[in-house]
K.L.:
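Just dropping this structure here.
Hydrogens, waters and symmetry mates are skipped; everything else that's a heavy atom, side chains included, is used. Atoms within each ligand, like the ligands themselves, are counted from 1 in listed order. Keep in mind the model is a prediction, meaning the values are calculated, not measured.
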Amino acid sequence: MPGKIRFAPSPTGYLHEGHLLSALYVWAAAKKWNLSIHLRIEDHDQSRARPEYIRSIYEDLEWFGFEYDSDSIQSNRKPVYEAALEKLKREGLVYPCYCSRKQLEAENPKSATGEIVYSGKCLHAAEAHAADAPHNLRVIVPDETIHWHDLRLGDFDENPKKQCGDFPIRDRDGQWTYQFAVCVDDIDESITHVVRGEDILSSTARQIALMRMLGRETPPAYLHHPLIVDTAGKKLSKRELAHSLRQDREAGLSRETLLGRVCFKAGLAASPAPIGLADAIYLIYQIL
Ligand code: GLU
Ligand code: ZN
């Protein structure tokens, strides 16, 4: 059976150079490993997603010439998430957490990367709270090491219980979390390959753990690509990331100019000379 890869932007802003680099990686991987391409609009957080950002994702991809085989949008898939939540609940793997953000900060240790490691304080707290008291839903993470392999970065052994503890699958406002929605979708949409930026590296072990709980034993193959850095080698600033591809194209820059610039910034090309889409994809194809 041929595999399937996804490009999964969140419509919480316009696409920027970081997304463009991710798209190039996804399309290069699809070519290399003969995968079909799925576009997933990750609007799991309805408080942050906006229709103009969704429209713009489609327009930007079309303008660059990125073609895909199928697409989906998370806000249309409520029953799928409900069913996955019910499955976890039936297995006794979900509990409400009543801790405020302040409490979470004050009461829990942090991991080496500065992430809060939730203690599990509310595991048996449901009776002590009114049913309508604000709460998120957390999944009980097994205390075990997940061994996984990144196609670029090699082997990882990580224990999500120690990285983050039991983590939220639905937030206080009733929005599905990224971790939950992405796992449900990667299963339900039969995704075999996940190619995405290194900024998400620390989520992978917990996603593999959650997918197992949801019934998928064999996780997708993963590749986390390097992020664009500025000339001083630092991560792009919020301001730089807020600079959208859309602004550039409305300012009259050509797609070849934008592709050349992003390939240069990613260290894929020696100069920012304009480059076509197929050639940009081929630069990555060669290093996969
Ligand atoms: N929606 C995420 C983002 O825009 C990507 C999630 C993923 O690829 O797993 O950063
Ligand atoms: Zn709690």
K.L.:
Within 2.8 Å of the Zn ion (ligand 2), is there any N, O or S atom belonging to C99?
P.N.:
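Yes, C99 qualifies, because one of its backbone or side-chain N, O or S atoms lies under 2.8 Å.
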K.L.:
Where does D199 meet ligand 1, judged by heavy-atom distances below 4.0 Å: at the side chain, the backbone, both, or neither?
P.N.:
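None of D199 does.
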K.L.:
So do L277 and W27 actually touch side chain to side chain, heavy atoms under 4.5 Å?
P.N.:
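A side-chain contact under 4.5 Å is absent here.
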K.L.:
In terms of side-chain geometry, is the basic nitrogen of R261 or D248 positioned less than 4.0 Å from the acidic oxygen of its partner?
P.N.:
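Answer for the salt bridge query: yes.
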K.L.:
By the definition side-chain contact (heavy atoms from CB on, under 4.5 Å), identify the one residue from I41, L39, L61, I57 that meets it with D71.
P.N.:
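In the set I41, L39, L61, I57, the residue that makes a side-chain contact (heavy atoms from CB on, under 4.5 Å) with D71 is L39.
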K.L.:
As a check for students: among R6, Q179, E42, identify the option with a heavy atom nearest to atom 1 (N) of ligand 1.
P.N.:
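Going through R6, Q179, E42 one by one, E42 has the nearest heavy atom to atom 1 (N) of ligand 1.
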K.L.:
List the closest protein heavy-atom neighbour of atom 10 (O) of ligand 1: residue, atom name, distance to the nearest 0.1 Å.
P.N.:
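Of every protein heavy atom, I200 CD1, 4.0 Å lies nearest to atom 10 (O) of ligand 1.
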K.L.:
So, E144 and R206, do they make that salt bridge, N to O below 4.0 Å?
P.N.:
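Result for this pair is no, no salt bridge flagged.
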K.L.:
What protein heavy atom sits nearest atom 5 (C) of ligand 1, and how far away is it?
P.N.:
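Nearest neighbour among protein heavy atoms for atom 5 (C) of ligand 1, to 0.1 Å: A8 O, 3.3 Å.
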K.L.:
Side-chain contact test, heavy atoms from C-beta onward, threshold under 4.5 Å: evaluate it for I37 versus E67 and give yes or no.
P.N.:
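In short, these two side chains do not touch, never coming nearer than 4.5 Å.
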K.L.:
In terms of atom number and element, which parts of ligand 1 are under 4.0 angstrom from non-hydrogen atoms of Y178?
P.N.:
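So the answer, numbered in order with elements, is 6 (C), 7 (C), 9 (O).
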K.L.:
Please determine if the Zn ion (ligand 2) has an N/O/S atom from Y118 lying under 2.8 Å away.
P.N.:
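Checking the Zn ion (ligand 2) against Y118, an N, O or S atom does fall under 2.8 Å.
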K.L.:
Salt bridge check: are D185 and R6 linked by an N-O gap of less than 4.0 Å?
P.N.:
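So D185 does not pair with R6 through a salt bridge.
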K.L.:
From the options T177, V139, L85, V94, select the one residue that forms a side-chain contact (heavy atoms from CB on, under 4.5 Å) with R170.
P.N.:
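The single option meeting the side-chain contact (heavy atoms from CB on, under 4.5 Å) with R170 is L85.
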K.L.:
Nearest protein heavy-atom contact for atom 3 (C) of ligand 1: which residue, which atom, what distance?
P.N.:
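Ranked first by proximity to atom 3 (C) of ligand 1 is S10 OG, 3.7 Å.
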K.L.:
Can you find an N or O of H19 that's nearer than 3.5 Å to an N or O of ligand 1?
P.N.:
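Between H19 and ligand 1, no N or O pair is found under 3.5 Å apart.
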K.L.:
With a cut-off of 4.0 Å, which atoms of ligand 1 are near a heavy atom of R196?
P.N.:
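The atoms of ligand 1 under 4.0 Å from a heavy atom of R196 are 7 (C), 8 (O), 9 (O).
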K.L.:
Any idea which atoms of ligand 1 are less than 4.0 Å away from a heavy-atom of V182?
P.N.:
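Going through ligand 1 atom by atom, the ones under 4.0 Å from V182 are 9 (O).
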K.L.:
With the threshold set at 4.0 Å, does a side-chain nitrogen-carboxylate oxygen contact exist between K89 and E91?
P.N.:
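The answer is no: the pair does not qualify as a salt bridge.
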